[in-house]
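Worksheet: one structure, shown below.
Predicted model, so just to flag it, every value in this text is computed and none were measured.
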Number of protein chains: 2
Amino acid sequence: MAGRIREQNRALILQAAERLFADKGFEGTTIQAIADLAGLPKSNVHYYFPTKERLYRTILEEILQTWLAAFGRFGEHDDPAEALASYVIAKVRLSFARPHASRIFAREMLNGGHLISPFLEDELRPWVEERAAVLRAWTRQGRLRPVDPHHLLFTIWAATQTYADFAPQIRAIEGGDPDAASQAAIARSVAEIVVRACVAQDDPGASTSRRGQAASAA
Amino acid sequence: MAGRIREQNRALILQAAERLFADKGFEGTTIQAIADLAGLPKSNVHYYFPTKERLYRTILEEILQTWLAAFGRFGEHDDPAEALASYVIAKVRLSFARPHASRIFAREMLNGGHLISPFLEDELRPWVEERAAVLRAWTRQGRLRPVDPHHLLFTIWAATQTYADFAPQIRAIEGGDPDAASQAAIARSVAEIVVRACVAQDDPGASTSRRGQAASAA
DNA sequence: GTCTATACAACGATAGAC
DNA sequence: GTCTATCGTTGTATAGAC
């Protein structure tokens, strides 16, 4: 069963490469460093992935799939507070669960987004338009305050991904990396900010999210 | 007056380098590319800046100074809604005015923050503690809802800087880059989200910011 | 399938003519 | 102060032995 070794080595390389691409970027990562971290000779990396760019794109595509799967699919008939809170919480969880993926995605944006523009146009944009329609419907129904749907989503994405992308900043202010309990508290904190920002005060569903989740300050 | 040429060439190099470092990162930027963009031979870059790292650090330090100057200095006796809104608006303005600076800062974070950790510890952290004290005081006075001060600030930073750092994403969703009027509308939108999220409903100062700034959706 | 040796290109940096 | 030529190093990728 030679396929076993093949699978395992591929996985080792992908894992090492994801971490290094996240930490140092594409140009800052050498194949030698990937090989060292994976515990393999340099040539083996080239054996499994013909070029550095091919390896990078393999990783990037897996990340985009993960991103897509994490998008909430809330609809017009969901409860606004609940739907938004659970979306925010899922996104914060993803930032803590796969910080390297988040940072590779962030680097792709900083680099101009050329490699992911098909994703942005074909996947993200339609998703945003659907969600914006839901948000506007909620506003018409008086369940959501009038808020620009696009900018609300931008704010949610930014606020949730900052815990992965700007981890050194968080670390410097909080005095260390958050443990599992803190991560859950952070997710609630951010969800609370978002819900408070836009869910109508007299919406019955909002009451559950408005209470008992006050800040647990450092 | 040979000093004139010196100043001008230095400025040309710094300007070109800031843009390229923002677009492609430190490793992704070649001195040749900087020289080409500045309209100078490669050797001249080395004449004014002995090493690539020296050039990079010069740019980075100027950015940190700009960042520091943009920090709002709101205090306990300011109006919460007004103080937070003007801080958010100033930060959004800075993102649009100096997107390259923002993206170099973001890359520094993604790279682990090693070069800016003194800044984070010595400048940012004390500023955060002072502002957190103000936010807590406002909450005690009943002017601000109980919200985790740190996470509120993280959210503000992330939401404002995303317009520089993740510009390709904004572009893909909005269908183009925002003009001056759109930039002002964006600043108000984000400020509104932040103010609504945490300013107490019965605070008299909040009423001005709560009205008439509804979304101008795309 | 795995590893060693090496070709080839690109980059940062320097020396030295002007 | 400016520019040309070049050195030394590093990195990707490949060829070929095992």
For A:Leu55 and D:dA13, give me the distance from atom CG to atom P, rounded to whole Å.
10 Å

Taking B:Arg98 first and then B:Glu18, would you say they form a salt bridge - that is, a charged N and a carboxylate O separated by under 4.0 Å?
yes

Just the rounded figure in Å: distance from C1' of D:dG1 to CZ of B:Arg10.
15 Å

Within the sub-3.5 Å range, which N or O atoms of nucleotides 10-13 of chain C have a protein N or O partner, and how far apart are they?
residue : atom : partner : partner atom : Å
C:dG12  : OP1  : B:Thr29 : O            : 3.3
C:dG12  : OP1  : B:Lys52 : NZ           : 2.9
C:dG12  : OP2  : B:Ile31 : N            : 3.0
C:dG12  : N7   : B:Lys42 : NZ           : 3.3
C:dA13  : OP2  : B:His46 : NE2          : 3.4
C:dA13  : OP2  : B:Lys52 : N            : 2.9
C:dA13  : N6   : B:Lys42 : NZ           : 3.0

Tell me if the aromatic rings of B:Trp157 and A:Tyr163 count as close, with their centers under 6.0 Å from one another.
no

With distance as the sole criterion, is a donor-acceptor pair present between the side chains of A:Asp165 and A:Thr162 under 3.5 Å?
no

Roughly, in whole Å, what's the span from CD1 in B:Ile13 to C1' in D:dT2?
12 Å

So, does A:Asn9 get its side chain near the phosphate of C:dT2, meaning an N or O under 4.0 Å from OP1 or OP2?
yes

So, OP1 or OP2 of C:dG1: does either fall under 4.0 Å of a side-chain N or O from A:Tyr47?
yes

Nearest whole angstrom, please: distance from the P of C:dG1 to the CG of A:Leu40.
13 Å

Tell me whether B:Gln15 at atom CD has more than 12 heavy atoms from other residues, nucleotides or ligands lying less than 6.0 Å away.
no

What integer distance in Å separates B:Gln8:CD from D:dG1:C1'?
14 Å

OP1 or OP2 of C:dG1 versus the side-chain N and O atoms of A:Tyr48: is any pair under 4.0 Å?
no

Can a side chain N or O of B:Asn44 be found less than 4.0 Å away from OP1 or OP2 on D:dG1?
no

Do the side-chain N and O atoms of A:Asp36 and A:Gln32 include a donor-acceptor pair separated by under 3.5 angstrom?
yes

Taking C-beta and beyond as the side chain, do A:Gln161 and A:Arg103 meet within less than 4.5 Å on heavy atoms?
no

